[in-house]
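These notes are about the structure you will find just below.
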Amino acid sequence: MTVDAETLLSAFQRGTTDLIEEKQLQGMIARSLETGTPLRIKFGMDPSSPDLHLGHAVQLRKLRDLQDLGCQIVLIVGDATAMVGDPSGKSKLRPVLTREEVEHNLRTYTDQAGRVLDMEKTEVRRNSEWFDAMGFEELLKLTTRMTVAQMLEREMFQTRMKNEEPIGINEFLYPLMQGWDSVMVKSDVELGGTDQLFNLLVGRRLQEQEEQRPQIVMTQPLINGLDGRKMSKSYGNAVGLTADAKEMTFRIMQVDDEVMPTWLLHLTRLSLEEIEQTLALHPREAKARLAAQVTGFYHGAEAAAEAAGAFDREVRDKVLPDDLPRVSWQASWGEELPLANLLKEMGLCQSTSEARRAIKQGGVKLAGEAERDERAAIGRPPGELLVQVGKKRAAHLVP
RNA sequence: GGGGGAAUUCCCGAGCGGUCAAAGGGGUCAGACUGUAAAUCUGAUGGCUCAGCCUUCGCAGGUUCGAAUCCUGCUUCCCCCA
């Protein structure tokens, strides 16, 4: 594949927040194309949180783009650094992981990243490779590369100091280690989230000190989750990379309108004009297009279209899915059971209290009819009975 | 080493010894509405054999007719001084 400098450069630029230094990058690209030596793009993975979501995909997709244009992706598995804990974006001290935990997470992690990247063409390196071999003397030497004052430049640390939150000494080590990784793999470019800027720049500094050509630093923004807040699994507003086509589509269809532009930019390969055109559509159409793009990338266009159809039927047209669970009347229920207990037994409610609430609020329907009497009792139905709780939960009760 | 503070229901965070299953916010759930499961509005939000009963406020004891609130010990965490 022949790639020209312009295409390559614009791939670096699309959706990128920081690009330091762009001039230097141009030179690197030119030299790379001239000599046929692929640029080494470093990306650090943190094996402490194995579940990847679309937020992580922003960077992974950028890497994939560059990979497709002939760049060599170097994936650093931070198994040594994970035992230190990255302070970036953390308001609290991170728990230190054991080796076993790191190893365990590693598998699932690379597994999921493989849904985006071509792992065949990716160089994977664990940084324990060099850190395990590093003696105390060398480590001490590494710590002399930066001063406490330089460390404290990070606003993160300052915020934490102001809030009287703890900062572990080990946390000072993290940026140095990440930077040292760059030295060890001789990276040309390092990619990271905007919260990583400080760490990435340390790599530049260390490489210069080691008389290497300092790496280009490029950052991608952290995208917000479905509800517009920071995407995080604990907020429940993330979409997992392992989600199947239907779940992915359904979840993307409920993003806030405001997050659509950033998602279109960072999670799809649509051109800027196409994005503009998309946003001009009816918001619902725009969202459908976004969902189709993203789901299509992970599961193929066919599965994405199928999921989109399911969304239209089940959500827009409120048709109940035909694969509803079927629950048979249990002998232990006797001839009659209070409705609240029945809902709990059928797994539609977590507790009878919750079931009672749902009934009182008119959220429970039997064969489509709302039942508002919380003391109602239900006997073995003559035939199949459709039981619904709210809009999302439903099951057939079978005699 | 010394001193000071904190631990509350899913989360954050209030809480005069009784009227506390515990304010408020978030989340979640339900209803209305709608372009969707968005936004907005309303209500609910420990459990149960549910007009009553049972179990919660770091852990273990104690004082009291009665404690999330007072005392003692323990555990964990934070801050300050050295």
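What you see below is based on every heavy atom in this structure, not just the backbone, and it leaves out hydrogens, waters and symmetry mates. Each chain gets a letter, A, B and so on, in the order the sequences are listed, and its residues count up from 1.
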When the [atom1] atoms of [N] and [M] are considered, how many whole Å apart are they?
N: B:C54; M: B:U19; atom1: P; value: 15 Å
N: B:G5; M: B:C11; atom1: P; value: 26 Å
N: B:A67; M: B:G17; atom1: C1'; value: 6 Å
N: B:A23; M: B:C57; atom1: P; value: 16 Å

- request: Enumerate the residue pairs fulfilling side-chain hydrogen bond (donor to acceptor under 3.5 Å, both in side chains) with a member in residues 275-295 of chain A, sequence neighbours excluded, ordered by first and then second residue.
  value: A:Thr249-A:Thr295, A:Asp257-A:Lys287, A:Thr278-A:Arg289, A:Arg284-A:Asp312

statement: Of A:Lys365 and A:Arg375, the one whose closest nucleotide on RNA chain B sits nearer the 5' end is A:Lys365

Do the side-chain N and O atoms of [X] and [Y] include a donor-acceptor pair separated by under 3.5 angstrom?
X: A:Asn199; Y: A:Gln178; result: yes
X: A:Thr108; Y: A:Asp111; result: no
X: A:Asp79; Y: A:Ser128; result: yes
X: A:Trp180; Y: A:Asn127; result: no

query: For nucleotides 36-48 of chain B, read 5' to 3', which letter fits each nucleotide if B means a protein heavy atom sits under 4.0 Å from the base, S means only the sugar-phosphate is that close, and - means neither?
result: BBS----BSS-SB

Provide, to the nearest angstrom, the distance between the [atom1] atom belonging to [X] and the [atom2] atom belonging to [N].
X: A:Leu348; N: B:C29; atom1: CG; atom2: P; result: 15 Å
X: A:Gln388; N: B:A30; atom1: CD; atom2: C1'; result: 14 Å
X: A:Glu371; N: B:A30; atom1: CD; atom2: C1'; result: 16 Å

message: What I'd like to find out is whether the side chain of A:Phe43 reaches to under 4.5 Å of the side chain of A:Ile76, using heavy atoms alone.
response: no

query: For A:Arg393, which contact category applies under a 4.0 Å heavy-atom criterion: base, sugar-phosphate, or nothing?
result: sugar-phosphate

task: Just call it for A:Arg356: base, sugar-phosphate, or nothing, with non-hydrogen atoms closer than 4.0 Å on any strand.
output: base

Would you tabulate the pairs of protein nitrogen or oxygen atoms and nucleotide nitrogen or oxygen atoms of nucleotides 52-55 of chain B closer than 3.5 angstrom?
none

RNA chain B base-pair string [pairs: Watson-Crick or G-U under 3.5 Å; |: paired with another strand]: (((((((..(((.....[.....)))((((((.......))))))(((...)))...(((((..]....)))))))))))).

message: Tell me whether the NZ or CZ atom of A:Arg115 lies within the 45° cone about the ring axis of A:Tyr298 and under 6.0 Å from its centre.
response: no

Side-chain donor/acceptor pairs under 3.5 Å, residues 212-219 of chain A, sequence neighbours excluded:
residue: A:Gln212; atom: OE1; partner: A:Gln207; partner atom: NE2; Å: 3.4
residue: A:Gln212; atom: NE2; partner: A:Val183; partner atom: O; Å: 2.8
residue: A:Arg213; atom: NH2; partner: A:Asp188; partner atom: OD1; Å: 3.1
residue: A:Gln215; atom: OE1; partner: A:Ser182; partner atom: OG; Å: 2.9
residue: A:Gln215; atom: OE1; partner: A:Ser187; partner atom: OG; Å: 2.7
residue: A:Gln215; atom: NE2; partner: A:Ser182; partner atom: OG; Å: 3.4
residue: A:Gln215; atom: NE2; partner: A:Glu190; partner atom: OE1; Å: 3.0
residue: A:Gln215; atom: NE2; partner: A:Leu200; partner atom: O; Å: 3.1
residue: A:Thr219; atom: OG1; partner: A:Asp18; partner atom: N; Å: 3.1
residue: A:Thr219; atom: OG1; partner: A:Asp18; partner atom: OD2; Å: 2.7

- prompt: Residues in side chain to side chain contact (heavy atoms under 4.5 Å, CB included) with A:Glu129, at least two apart?
  reply: A:Arg125

